[in-house]
There are 2 protein chains.
Amino acid sequence: MSTQAPAPSRREQILKEAARLFAERGFHGVGVDEIGAAVGISGPGLYRHFPGKEAMLAELLVGISGRLLTGGKRRTAEGEGAGRAPAEVLDSLVEGHIDFALDDRPLIILHDRELDRLRDTDRKLVRSLQRQYVELWVEVVRKVYPRLAEAEARACVHAVFGLLNSTPHLGRPGALPGRAATAALLHRLALGAFEGAHSDGARGDGSRSDGARGDGIHGVDGSGQGR
Amino acid sequence: MSTQAPAPSRREQILKEAARLFAERGFHGVGVDEIGAAVGISGPGLYRHFPGKEAMLAELLVGISGRLLTGGKRRTAEGEGAGRAPAEVLDSLVEGHIDFALDDRPLIILHDRELDRLRDTDRKLVRSLQRQYVELWVEVVRKVYPRLAEAEARACVHAVFGLLNSTPHLGRPGALPGRAATAALLHRLALGAFEGAHSDGARGDGSRSDGARGDGIHGVDGSGQGR
DNA sequence: CGGTACCGTTAGTGAACGTTAACTACTCCC
DNA sequence: GGGAGTAGTTAACGTTCACTAACGGTACCG
């Protein structure tokens, strides 16, 4: 154990606790005193590490958006470099996003909830990163499902993000068996959603027995542990 | 036409604007003066209509949760009464939720974002309504997809809610062609997600997604009636 | 020892906010 | 006309909050 986190470094400690608190009670709902208390120091001691409360949020949001984008770029680059089918790349993107959603729940919450509390410059940066990440997905999705128009594909991507980011909402009760099972379920849900979007909406009045599964391009061995 | 909205009645006006502002900037991010200004009166004039700022949020959240639940109950009752197949009932639930998400965007945002700003008693009530609504879906989903364990079905429902509630995120740019097209797309996405969840994940990675349900403790204690 | 940089403390400041108080204008009804 | 109720105003109060000021301790380094 003990991978390589030798010094949580106070600064990272603060960021982690701030993320948790912001996610729980909202940016405006948390005072600096509470953040300080969460890391053992009190109140304005935080100002030795950050120029202000908002700077913490900004660093969190830029950090997460950047990491999502970086991971997405890496996955698509690897996929294309290895000549893998688009469906496999999409599979990899889904897997990466799920890992993120499951491992960094508080950040995922902040990511689409507290963006508007940032100053213009920071917000623009985060939005730019987010947009790039979305476009990355859109490109891949349109390769896998060419029948989707661009706007449709973008809407699908947003919707699937909403689906994947729903993990925080189901953490409360006994919830799912384990992480792996949850990840697998989310994976199936996400891919199923894309398939559903791609299927022509010519389902009569809801009889929807379906199952025809159109040209299911991806017979991919789903989720197959690329790591 | 002209149902019966002859007088927006100031109170409803306030609620509507408050919902918009809360959704845009968060409960703590909006001052009562702004809410007042949005309806033409200023500041404490609101206190002629509501006992406090939080009461507005409470009424909004209870209202939306109640309407969702009522609509869901109506749809399942109608469906079962008419002897329709579970899949059709699910179809109807999806349609109802989409209507809601598209027509009351701000409320949908508040619904899962500002719940924790409520006093204990209100929050419990809202959570109870939400839980009943979820269980309504879970029941139907399990009839349509019997292979899903209860916990899985619940997770799927939460995930699909996340998917359907993603509409607010895609309103900014050119977005989709029109309301009908967006609704249809969301519908396909949601049904596709359920289909995907139902498909056996045994695609080769061997990780058993479907548990043997050893720990049968998933006791939903009913608990209906918060009040 | 003296200096310096780091990290933390407590006390305080100014602004913002939710809420209350006191007062005014309008309408309805006898 | 004269209450009574409704809907609004401005002014003020008390609290909370992000942030600053002034100060202290500790470790490293000469």
Side-chain angles (χ1 to χ4, degrees), chain A residues 5-62 110 113-123, chain B residues 5-62 110 113-123:
Chain A
S9 98
R10 181 69 14 135
R11 213 185 129 88
E12 299 167 29
Q13 230 185 104
I14 294 171
L15 283 175
K16 187 179 155 199
E17 295 301 315
R20 185 178 55 80
L21 289 167
F22 288 160
E24 276 174 14
R25 305 216 284 282
F27 179 69
H28 290 295
V30 180
V32 290
D33 288 358
E34 302 179 69
I35 303 175
V39 298
I41 73 182
S42 229
L46 297 169
Y47 286 75
R48 295 286 165 199
H49 306 272
F50 294 91
K53 185 185 169 191
E54 197 191 282
M56 305 180 205
L57 181 62
E59 190 157 328
L60 286 170
L61 291 182
V62 172
L110 292 183
R113 190 169 292 194
E114 306 285 354
L115 178 58
D116 293 326
R117 278 72 178 167
L118 254 46
R119 271 190 249 282
D120 250 37
T121 149
D122 290 324
R123 190 174 57 242
Chain B
S9 96
R10 182 73 6 143
R11 214 185 129 90
E12 298 167 29
Q13 229 185 105
I14 294 171
L15 283 176
K16 187 180 156 199
E17 294 302 313
R20 186 179 55 82
L21 290 168
F22 288 159
E24 275 173 16
R25 304 216 285 281
F27 180 68
H28 290 296
V30 180
V32 290
D33 288 357
E34 301 179 70
I35 304 176
V39 298
I41 72 183
S42 228
L46 297 170
Y47 285 75
R48 294 285 162 197
H49 305 273
F50 294 91
K53 185 185 169 191
E54 197 191 283
M56 305 178 205
L57 181 64
E59 189 157 329
L60 285 170
L61 291 182
V62 171
L110 292 182
R113 188 170 292 195
E114 306 287 353
L115 179 58
D116 294 326
R117 279 70 179 170
L118 256 46
R119 271 189 248 284
D120 251 37
T121 148
D122 289 324
R123 191 174 56 244

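Chain letters run A, B, ... following the sequence lines, proteins first and then strands; every chain starts at 1.
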**Message:** Taking only side-chain N and O atoms of B/Arg48, does any of them lie within less than 4.0 angstrom of OP1 or OP2 on D/dG5?
**Reply:** no

**Prompt:** Does the side chain of B/His28 get closer than 4.0 angstrom to OP1 or OP2 of C/dC17 through an N or O atom?
**Reply:** no

**Item:** Nearest-0.5 Å distance, CD1 of residue B/Ile14 to CG of residue B/Leu46
**Value:** 5.0 Å

Using a heavy-atom cut-off of 4.0 Å across all strands, would you classify [X] as base, sugar-phosphate, or nothing?
| X | value |
| --- | --- |
| A/Gly52 | sugar-phosphate |
| A/Val39 | nothing |
| A/Gly45 | base |

Options [options], nucleotide nearest the side-chain atoms of [X]:
| X | options | answer |
| --- | --- | --- |
| A/Pro44 | C/dG8, D/dT20, C/dT19 | D/dT20 |
| B/His49 | D/dG8, C/dT9, D/dT9 | D/dG8 |
| B/Tyr47 | D/dA7, D/dT20, C/dT20 | C/dT20 |
| A/Lys53 | C/dG8, D/dA18, D/dG8 | D/dA18 |

How many whole angstroms separate atom [atom1] of [X] from atom [atom2] of [N]?
| X | N | atom1 | atom2 | answer |
| --- | --- | --- | --- | --- |
| A/Leu21 | D/dA18 | CG | P | 12 Å |
| B/Arg117 | C/dG18 | CZ | C1' | 17 Å |
| A/Asp33 | C/dT10 | CG | P | 10 Å |
| A/Leu46 | D/dA21 | CG | C1' | 17 Å |
| B/Ile35 | C/dA16 | CD1 | P | 17 Å |
| B/Leu57 | C/dG18 | CG | P | 12 Å |
| A/Met56 | D/dC19 | CE | C1' | 11 Å |
| B/Ile14 | D/dA7 | CD1 | P | 10 Å |

**Message:** Checking the side chain of B/Arg117 only, and the main-chain atoms of B/Arg113 only, is there a donor and an acceptor separated by less than 3.5 Å?
**Reply:** yes

**Heavy-atom donor-acceptor pair, B/Glu54 side chain to B/Arg119 backbone, under 3.5 Å** = yes

**Message:** Against the six-membered ring of B/Phe27, is B/Lys53 placed for a cation-pi contact (under 6.0 Å from the centre, within 45° of the normal)?
**Reply:** yes

**Message:** Using side-chain heavy atoms (C-beta onward) and a distance below 4.5 Å, is B/His49 in contact with B/Gln13?
**Reply:** no

**Item:** Upstream residue (5' side of DNA chain C) when A/Ile41 and B/Gly43 are each assigned their closest nucleotide
**Value:** A/Ile41

